[in-house]
Structure formats: structure tokens, C-alpha cells
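Below, chain A is the first sequence line, B the second, and so on; all start at residue 1.
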2 protein chains.
Amino acid sequence: MKQNLSETCHQFFSTLANPTRLAILELLREGPRNVTEISEALNQEQSMISHNLKPLEGCRFVFSERRKKERFYSLNKETMEQLFKLFSYHAEKYCPTEGKCLTNASLQKQKKKNASNPLHLTRF
Amino acid sequence: MKQNLSETCHQFFSTLANPTRLAILELLREGPRNVTEISEALNQEQSMISHNLKPLEGCRFVFSERRKKERFYSLNKETMEQLFKLFSYHAEKYCPTEGKCLTNASLQKQKKKNASNPLHLTRF
DNA sequence: TCTTCATATGAAGTAAAATTCATTCGATGG
DNA sequence: CCATCGAATGAATTTTACTTCATATGAAGA
């Protein structure tokens, strides 16, 4: 069953499939931050932030650099900004319900209604 | 903690973060397939394929169309091909170890070795 | 070198998601 | 309308991932 795509991409997408990690990425779009700053901005425990930074760095979605006692994390803008744009585009064009994927429930509803009111998404 | 990115993208990436679903996407790049065909090509149970097709369709990564008793699924090429290209680019440029994200173990190793032998990835 | 601050790690418990199996639904053709 | 084929659903189990808490590492300055 294993094919190229699954082998190559699974870790990428797993790393992105987590609200904490996505929130970190979104925060880092504003600029580099150290662990404590991230932790405070997201109101999450420091250890949790560290745990979540690890796969982000492993996939090179973020880079890190030590400055004295602190370690600053920064976004890999080259590919991440493109990725966010792509998904923003996809969501606007294909996902009519407030920027989220359709749940099973809403898919049902949509089939019945044949809804035609695509919503505007916050742009990345 | 919730921010735009996390709210908007979490379902997208969760749906992609699964080997079976990635394998389905990869198969559908070759052209539309019905459920039985997918099931046989990936050597997985029909019910499993159906379960996994649902979120793919919910996120509009695939489309579906009934033809007689069968239902054919096809790839949303517009955005999916772009997505695969983007990740292929990212992986080649940033992920030196055989196209996978770095695991914790391999990250360790790499720090020590300061490895500098980026590998070539199978292109999508 | 001792202390402190910043970050990372490990292991345990908890939560969430995937897979499986049995069953149901739905469409088509006889 | 019944039988059959193809696909979808539901619920239970298993697997996987996340979170938390305690502790360790590591750098810098006194």
C-alpha cells in the first residue's frame, strides 16, 4: 500500500495537523520568538511548547538559533507562506462553510441544500 | 490560544496526515477510480477505503460522481498538484534525510554530525 | 564553581483517531 | 418487487498521538 506520497509526506502533514503547532506557526509569522515568549503568547506550558517545537524544527518548518540563554525560533517563510496561501485559496474556492473542511454532518446538509453561498475567509 | 491558522487549517492537515488517505490521493493522480478499484489497488478493505474517502471529499481534496452502481472518485488536481509540488520542493531543499522529516533520533544524529549530504527525492 | 534562568527531555496517563467487522443502504436489472 | 452488486455506516477495539508533571541539561554571570 505504501507509495511515494504517503512515505514522503506523512510526517509533514502530521506535524501540521495540530492546533498548538499551527498556532506557533501563525505566531512566528510576526517574527522570531523565544520559547518563553511563545509559551506566554499562546498561554501554554513551556514544556508543551518545547515538545511541539521539536517536530516543527525537524520538518524545517521553523529554524532556531541560540542567543545567550534563550533560543529563538523563526518561521521558514519561503515554503510556509506559500503553503498558507495555497490553503487559503483552496478553502475559499472549495470549502463553502466558514473556512473549515466540511464535517460529515455539514456534508449531509450541503448535499440536501445544494448550498451556494461561499464565505470569505480571513486571508493569511 | 486559538488563532486563524489553527482553526482554518487543522482539518485540512489532519485529513492529509494519514498514510491511507495519502495513498488514495497518490493513486487518484493517475485518474478517477471507483471504491473497489481503490480498495484493490491499495490492498485495503473496502470499508476502510470508504471511511477514508469521506474526509477527503469533505475537504474537497477529491470529488465524486456516481455512475450506475459505482461511485468514482477523482483528484482535485488544481490545488492538490500544487500542494505536492510545494512539499516536494520543501523536502528537497530542507530535508536532507531521504525525503522524510527528521525524527527525533535523526535530528540528534544530524546535530552531532552536522551532516551536509542532501539527498535527491523522488519527484511528484 | 554555584546559582539561576531558559529550554529540553522522559515517562505516565489521557485523549483522539484509525481499523475492523458486521450490517445497512441504494441503485440497477431481471 | 426481488436479488445482487457496490458503497456507506456504526460500534467496538486497537493504535497512535497529545498533554502533563517532574526532572535534567546547559549557558551565563556572580
Side chain to side chain contact (heavy atoms under 4.5 Å, CB included) partners of [X], counting only residues at least two apart:
{"X": "A/K69", "answer": "none"}
{"X": "B/E45", "answer": "B/S47, B/M48"}
{"X": "A/E37", "answer": "A/R33, A/N34, A/F72"}
{"X": "B/Q46", "answer": "B/V35, B/S39, B/S50"}

Within the pair [X] and [N], is there a side-chain N or O less than 4.0 Å away from OP1 or OP2?
{"X": "B/K54", "N": "D/dT9", "value": "yes"}
{"X": "B/T20", "N": "C/dA18", "value": "no"}
{"X": "A/N18", "N": "D/dC18", "value": "yes"}

Has A/H51 got its ring stacked on the base of D/dT19, with centres under 5.5 Å and planes less than 30° apart?
no
Please check if the side chain of B/T15 supplies one atom and the backbone of B/Q11 the other of a donor-acceptor pair under 3.5 Å.
yes
Main-chain N/O of A/S14 paired to A/R21 side chain as donor or acceptor, under 3.5 Å
yes
When you measure from the side chain of A/S47, which nucleotide among D/dA8, C/dT19, D/dA22 comes out closest?
D/dA22
Quick one: which of C/dT7, D/dT19, D/dA8 gets closest to the side chain of A/R71?
C/dT7
Atom [atom1] of [X] and atom [atom2] of [N]: how far apart are they, to the nearest Å?
{"X": "B/N52", "N": "D/dA8", "atom1": "CG", "atom2": "P", "answer": "12 Å"}
{"X": "A/R33", "N": "C/dT7", "atom1": "CZ", "atom2": "P", "answer": "13 Å"}
{"X": "B/E70", "N": "D/dT4", "atom1": "CD", "atom2": "P", "answer": "18 Å"}
{"X": "A/N43", "N": "D/dT19", "atom1": "CG", "atom2": "P", "answer": "14 Å"}
{"X": "A/H10", "N": "C/dA17", "atom1": "NE2", "atom2": "P", "answer": "13 Å"}
{"X": "A/F72", "N": "C/dC5", "atom1": "CZ", "atom2": "P", "answer": "17 Å"}
{"X": "B/Y73", "N": "D/dA8", "atom1": "OH", "atom2": "C1'", "answer": "8 Å"}
{"X": "B/E45", "N": "C/dA22", "atom1": "CD", "atom2": "C1'", "answer": "11 Å"}

For A/F63, give me all partners under ring-ring contact (aromatic ring centres under 6.0 Å, His included), at least two apart in sequence or on another chain.
B/Y94
For B/S50, answer base if it contacts any base atom (sugar-phosphate contacts may also be present), sugar-phosphate if it contacts only those atoms, and nothing otherwise; contact means non-hydrogen atoms under 4.0 Å.
base
Can you give one letter per nucleotide of nucleotides 23-30 of chain C, going 5' to 3': B for a protein heavy atom under 4.0 Å from the base, S for sugar-phosphate only, - for none?
----BBS-
